[in-house]
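Working notes, beginning with the structure itself.
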Amino acid sequence: AHSRRYVLCEVVSEDPRCRQCIEDRAVGLAVRDAIGRLHGDYGLACCSISFTVKYLNAYTGAVLLRCRKDSYRLLCSALPFVRQLESRNQRYPCAINTLHVGGTIRTCQKFLIQYNRRQLLRLLQNCTNEEERRCIQKSLLSCSLTEEQSQSGDEEDDDGME
């Protein structure tokens, strides 16, 4: 088994409608398109082996991508070139920021929980009312990577990140 890398990133967009197309297919296509533009067919072929969108949260924009260890640099280098997500023939401008690269889902999960806490504090400081505050807290509590996903046999490759 080839060891894998998990790339935790976030979709950022000024357009609130972008959130509705943060879905596996749209994100996968946008990433593949960027890899193809940057690295050509060969790069795309290298990256496509075992590339998959493992998890996403449309509310926070968090996305977890999985790829082979030997192609994660190709993948990461292409992410800044994602300019839009497309859904139902609508295009929404966006950017993808890489937050963390890990050898297991669990390390990414730990990072995401910390990251969300920081985001939560920032969002809560800007809250105008109690209702808004409750909504934000609820959404962030529900957005850690769920435990059963870490048990899916992807954990054997924790071979230390450089």
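Across all their heavy atoms, Leu56 and Val53 have their closest contact at CD2-CG1, 3.9 Å. Of all heavy-atom pairs between Leu44 and Gly36, the closest is CD1-N, 4.2 Å. Taking both residues in full, the closest heavy atoms of Asp70 and Arg68 are given as OD2-NH2, 2.9 Å, listed atom of the first, atom of the second, then distance. When all heavy atoms of Gly102 and Cys108 are compared, the pair lying nearest together is N-SG, 4.0 Å.
For Arg118, there are no side chain to side chain donor-acceptor pair (under 3.5 Å) partners two or more places apart in sequence or in a different chain. Qualifying side chain to side chain donor-acceptor pair (under 3.5 Å) partners for Arg83, counting only residues two or more places apart in sequence or in other chains: none. Scored by the side-chain contact (heavy atoms from CB on, under 4.5 Å) test, Glu14 finds no partners at all (sequence neighbours excluded). Residues satisfying the ring pair (Phe, Tyr, Trp, His ring centres under 6.0 Å) test with His100, not counting sequence neighbours, are Phe111. Checked against side chain to side chain donor-acceptor pair (under 3.5 Å), Glu130 has no partners two or more places apart in sequence or in another chain. Residues that satisfy the side chain to side chain donor-acceptor pair (under 3.5 Å) test with Glu10, not counting sequence neighbours, are Tyr115.
In this structure, the side chain of Ser13 engages the main chain of Asp15 through a donor-acceptor pair within 3.5 Å. Thr104 places a side-chain N or O within 3.5 Å of a backbone atom of Thr107 that can act as its donor or acceptor partner. Judged by distance alone, with hydrogens and angles left aside, the side-chain atoms of Ser48 form no donor-acceptor pair with the main-chain N or O of Ala45 at under 3.5 Å.
Counting Ile, Leu, Val, Met, Phe, Trp and Tyr side chains that sit under 4.5 Å apart, directly or through other members, Phe81 shares a hydrophobic cluster with Leu38.
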> Going through the distances and angles, do Val7 and Thr98 end up as a side chain to side chain contact (heavy atoms under 4.5 Å, CB included)?
Replying inline: CA-CA 7 Å; Val7 180; Thr98 302; 3.9 Å; yes
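Residues Ile96 and Val12 form no side-chain contact, since every pair of their non-hydrogen atoms from C-beta on lies 4.5 Å or further apart. Here the side chains of Cys94 and Val11 are in contact, with some heavy-atom distance below 4.5 Å. Between Arg4 and Cys67, the closest side-chain pair of non-hydrogen atoms is not below 4.5 Å. Using a 4.5 Å heavy-atom threshold, the side chains of Leu65 and Leu79 count as touching. Between Val63 and Tyr55 the shortest side-chain heavy-atom distance does not fall below 4.5 Å. Two residues are said to be in side-chain contact when any heavy atoms from C-beta on lie closer than 4.5 Å; Cys46 and Leu74 meet this criterion. With a 4.5 Å cut-off on side-chain heavy atoms, Ile105 and Leu64 count as touching.
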With a 3.5 Å cut-off and sequence neighbours excluded, list the donor-acceptor pairs that the side chains of residues 18-31 form with protein atoms.
| from | atom 1 | to | atom 2 | distance (Å) |
| --- | --- | --- | --- | --- |
| Gln20 | NE2 | Tyr92 | OH | 3.2 |

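Sequence neighbours left out, the pairs with a member in residues 33-53 that pass salt bridge (Lys or Arg N to Asp or Glu O under 4.0 Å) are Asp33-Arg37. Screening residues 27-51 for ring-ring contact (aromatic ring centres under 6.0 Å, His included) gives no qualifying pairs among residues at least two apart or on separate chains.
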